[in-house]
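What follows is one structure encoded as structure tokens, with my remarks underneath.
The analysis underlying the following values was restricted to heavy atoms, covering all of them including side chains, and did not include hydrogens, waters or symmetry mates.
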Amino acid sequence: MSEAGQELVHLVWGKKAGPRGLADTIFCRWAQALEFISDVYGSLSDLFSNPLEVESYDFHLERKVGFVFSDSESTALEQFEGGPCAVIAPVQGIENIKNEIEDATEPLIDPVYGHGSQSLINLLLTGHAVSNVWDGDRECSGMKLLGIHKQATVGFLTLMESLRYCKVGSYLKSPKFPIWILGSETHLTVFFAKDMALVAPEAPSEQARRVFQTYDPEDNGFIPDTLLEDVMKALDLVSDPEYVNLMKTKLDPEGLGIILLGPFLQEFFPEQDSRVSESFTVYHYNGLKQSNYNEKVMYVEGTAVVMGFEEPMLQTDDTPVKRCLQTKWPYIELLWTTDRSPSLN
């Protein structure tokens with residue numbers, strides 16, 4: 001194998017995969033879909049031979065590696081084991097990847113348990129291996145933390161946000177197409193719809209919220225009043241010093257030195273109607289046989305109802321799928337056509 005190929009293997013799997021090397025099952029789990037597409041390295045099918053031996057690795061790919069189409073759903077791919085569920089964005093070289101990962105000594109895929117890192121998920125979705133899911137870069141104690149810099153083609157939502165471990169930014173929450181990868185603690189599945197209104201161009205109020213939050217890296221819901229002028233400039237609002245001081249007084253009448261997000265949006269972007277449809281057909285896909293009803297891999301169809309407020313009489317269930325989707329649509333309700341709600345795991 002070439003030096004570049006070895007470097008790629010080490011980046012993905014790490015230099016040491018344990019005393020016995022990387023388990024065949026873990027490699028096969030990811031190799032079923034993991035293709036790094038670039039001008040330099042080509043695909044894994046070009047990079048890896050059979051068997052593959054690199055230092056402590058000894059990959060014997062004697063069994064079939066890849067996806068097959070489900071017998072129960074002609075266009076649904078069936079996964080042999082847990083692993084990637086989707087598709088890959090262009091990747092532009094190993095050095096760029098190393099510069100984007102916060103800790104380049106950590107492999108993209110855990111060689112013991114086979115868990116993919118957030119850097120790997122971002123790499124597959126956006127082509128950039130940044131470790132965070134928020135919009136833009138942030139400063140923390142003098143350290144620059146890289147985030148997502150543009151709207152993704154396919155989105156990402158995670159159950160971890162509902163548990164308050166992270167907060168996904170709008171570039172991943174509002175992709176170009178109504179397709180979202182849903183992340184649980186152990187698995188990735190796909191949620192999608194055909195209604196393009198779900199990913200309509202960003203409304204001015206949504207842009208304002210996103211820009212405001214870039215100046216609020218700790219997600220406190222407010223910024224120091226000293227940053228109000230910067231936010232207004234970023235949004236192309238009138239930012240003359242006299243007008244900014246007037247707005248400070250109006251938005252912070254008690255003189256606390258902070259500007260709250262809510263009053264800011266109400267002042268500059270009042271009463272903007274949501275562009276999201278109130279009801280739309282949705283689909284969920286989980287490629288693991290054991291996670292599907294009767295172990296038949298099929299798309300699960302349902303109807304989503306999005307309201308602007310909580311209505312206890314219309315609450316349907318409290319499943320991980322719903323909690324994951326509520327990070328984007330707080331008051332979403334789901335009615336599935338099957339007796340059992342689809343699984344995130």
Side-chain angles (χ1 to χ4, degrees), residues 82 84-86 115-122 124-126 130-136 138 145 147-148 151-152 154-175 178-193 198-199 206 209-210 212-214 216-222 261-262 274 276-280 282-288 291 300 302-336 338 340-345:
C85 58
H115 296 157
S117 66
Q118 187 62 50
S119 293
L120 178 63
I121 294 172
N122 290 342
L124 302 184
L125 291 177
T126 69
V130 297
S131 303
N132 304 294
V133 293
W134 55 59
D135 293 337
R138 297 186 179 183
L145 303 178
I148 308 299
Q151 184 185 31
V154 174
F156 177 73
L157 304 173
T158 174
L159 188 62
M160 295 299 99
E161 181 172 349
S162 71
L163 300 174
R164 298 186 180 277
Y165 284 108
C166 66
K167 186 174 179 63
V168 179
S170 62
Y171 285 144
L172 286 174
K173 279 187 177 176
S174 302
I179 307 169
W180 290 266
I181 304 302
L182 305 185
S184 71
E185 304 93 326
T186 59
H187 189 42
L188 300 172
T189 60
V190 183
F191 177 86
F192 63 98
L198 297 175
V199 289
E206 294 168 340
R209 180 185 297 273
R210 174 173 55 79
F212 189 99
Q213 289 175 336
T214 63
D216 176 24
E218 297 182 359
D219 198 29
N220 294 316
F222 63 84
L261 173 61
S274 172
V276 176
S277 305
E278 293 183 356
S279 177
F280 48 93
V282 297
Y283 305 87
H284 184 263
Y285 160 75
N286 189 329
L288 292 177
S291 299
V300 180
T303 300
V305 180
V306 176
M307 297 171 290
F309 56 91
E310 187 173 12
E311 176 51 70
M313 296 296 292
L314 294 179
Q315 289 184 357
T316 52
D317 54 24
D318 185 28
T319 61
V321 170
K322 179 180 174 182
R323 292 199 298 273
C324 188
L325 296 176
Q326 283 176 329
T327 62
K328 177 173 175 60
W329 300 287
Y331 304 117
I332 191 172
E333 296 296 335
L334 299 163
L335 300 171
W336 301 103
T338 54
R340 189 178 73 175
S341 297
S343 172
L344 271 188
N345 294 307

Is there side-chain contact between [X] and [Y], with at least one heavy-atom pair below 4.5 Å?
{"X": "V305", "Y": "I332", "answer": "no"}
{"X": "L261", "Y": "D216", "answer": "no"}
{"X": "F280", "Y": "T303", "answer": "no"}
{"X": "L344", "Y": "F191", "answer": "no"}

State, to 0.1 Å, how close [X] and [Y] come at their nearest heavy-atom pair, and which atoms those are.
{"X": "A193", "Y": "V282", "answer": "CB-CG1, 4.4 Å"}
{"X": "Y171", "Y": "I148", "answer": "CD1-O, 3.3 Å"}
{"X": "L159", "Y": "S184", "answer": "CB-CA, 4.3 Å"}
{"X": "T158", "Y": "C166", "answer": "CG2-SG, 3.7 Å"}
{"X": "A152", "Y": "T126", "answer": "CB-CG2, 4.2 Å"}
{"X": "S291", "Y": "N345", "answer": "OG-O, 2.5 Å"}

State, without any angle test, whether N286 and T189 hold a side-chain donor-acceptor pair at a distance under 3.5 Å. no
State whether a side-chain donor-acceptor pair under 3.5 Å links S131 with S119. yes
CZ of R138: more than 12 outside heavy atoms within 6.0 angstrom? yes
Indicate yes or no: does E161 engage K173 in a salt bridge with an N to O separation below 4.0 Å. yes
Any cation-pi pair here, R340 with W336, using under 6.0 Å and within 45°? no
I would like to know whether S174 and K328 meet side chain to side chain donor-acceptor pair (under 3.5 Å); could you show each step before the answer? CA-CA 9 Å; S174 302; K328 177 173 175 60; 3.2 Å; yes
In Å, rounded to the nearest 0.5 Å, how long is the span from CG of L288 to NE2 of H187? 3.5 Å
Backbone of D318 reached by a side-chain donor or acceptor of R323 within 3.5 Å: yes
Ignoring hydrogens and angles, tell me if any N or O in the side chain of N122 forms a donor-acceptor pair with the backbone of N132 under 3.5 Å. yes
